[in-house]
Amino acid sequence: MNDKRMLIILSGPSGCGKGTMLAEVVKRTACQVSVSATTRQPRGGEIDGVNYHFFTREHFEQCIAEDAMFEYAPYCDNYYGTLRSELEAIWAQGKHVVLEIEVQGALKVMAEHPEAITIFTMPPTIAELRRRLEKRGTEEPEVIEKRIARAIEEIPFADRYQYIVWNDKLEDAVDDFCAIVQAEENRTKYSKERIGALITSC
Ligand code: 5GP
């Protein structure tokens with residue numbers, strides 16, 4: 001069997017619905033989302049080790065120094081990063097890793113892993129993005145403004161990604177994401193051995 005375990009990067013503005021979308025995608029595909037580390041404070045209902053590994057700044061910087069981070073980036077006054085150990089654990093289960101990460105970290109991973117599948121999710125409009133962030137009610141108005149400003153900076157980088165998923169409607173966005181995973185799993189490179197065996201059996 002050819003190894004089909006993929007590395008998938010998903011970026012998109014905060015409040016775009018990436019988390020909600022991925023919660024559905026993991027039910028329908030062989031994808032698993034890597035649990036990132038962050039120095040930001042947990043939001044109400046977030047659990048350490050489930051939503052994020054909540055680290056102090058000192059612990060995060062120690063992980064950087066020990067090369068335990070696959071990638072990391074600062075975002076709105078905090079660090080966010082992917083632990084190498086997370087990726088290994090997911091691949092050990094034979095699943096595809098999904099990194100739900102912002103653009104700076106994504107560009108670094110793309111440069112080092114050109115085989116990665118890259119997806120950018122878009123909000124229908126900036127007004128709708130603002131409405132979704134306000135409705136979520138987890139950030140202070142000043143943090144919402146920083147996140148909108150960051151969204152406006154990040155959106156022009158969408159053309160560095162292979163696929164765009166418009167999140168106008170959650171169900172359609174989930175269908176689109178799953179269709180990408182399925183198409184990628186059907187790439188010829190994963191069938192080479194089987195085709196070879198078929199030919200020799202003729
Ligand atoms: P939030 O605070 O809303 O959970 O995440 C803020 C931003 O950080 C989002 O754009 C999210 O994709 C990004 N992010 C989450 N985890 C990581 C990570 O491990 N690495 C990087 N580079 N960005 C991350």
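When reading the values below, keep in mind they use all heavy atoms of this one structure, side chains included, and skip hydrogens, waters and symmetry mates. Indexing begins at 1, ligand by ligand and atom by atom, following the structure's order.
What you find for Met122 and Ala158 is that their closest heavy atoms are CE-CB, 3.4 Å. Annotation for Ile144 and Leu133: closest pair CD1-O, 3.9 Å, computed over non-hydrogen atoms.
Rounding to the nearest 0.5 Å places OG1 of Thr38 at 7.0 Å from CZ of Phe60. The distance from atom OG of Ser34 to atom NE2 of His53, rounded to the nearest 0.5 Å, is 7.0 Å. For the atom pair CZ (Arg147) and SG (Cys16), the distance works out to 12.5 Å, reported to the nearest 0.5 Å.
Backbone and side-chain nitrogen or oxygen atoms of Gly81 are examined, and one is located within less than 3.5 angstrom of a nitrogen or oxygen of ligand 1.
Of all protein heavy atoms, the one lying nearest to atom 16 (N) of ligand 1 is Ser36 OG, 3.0 Å. For atom 14 (N) of ligand 1, the nearest protein heavy atom (residue, atom name, distance) is Glu100 O, 3.6 Å. Atom 6 (C) of ligand 1 has as its closest protein heavy atom Tyr75 CE2, 3.4 Å. Here the heavy atom of the protein found nearest to atom 4 (O) of ligand 1 is Tyr52 OH, 2.5 Å.
With Gln32 as the fixed residue, the side chain to side chain contact (heavy atoms under 4.5 Å, CB included) test singles out one of His96, Gln93, Glu86: Gln93.
Under a 4.0 Å heavy-atom criterion, Lys18 is in contact with ligand 1. The closest approach between Glu154 and ligand 1 stays at or above 4.0 Å for every heavy atom of the residue. Ligand 1 lies nowhere less than 4.0 angstrom from a heavy atom belonging to Arg150.
Atom numbering of ligand 1 starts at 1 in the shown order; those under 4.0 Å from a heavy atom of Arg40 are 1 (P), 2 (O), 4 (O).
Counting heavy-atom neighbours within 6.0 Å of Tyr52 OH, excluding the residue itself, gives a total above 12.
The residue from Gln41, Arg147, Glu102 that puts a heavy atom closest to atom 10 (O) of ligand 1 is Glu102. Of the options Glu71, Gln104, Glu86, the smallest heavy-atom separation from atom 20 (N) of ligand 1 is shown by Glu71.
Within the 4.5 Å cutoff, the side chain of Phe70 has no heavy atoms near those of the Leu83 side chain.
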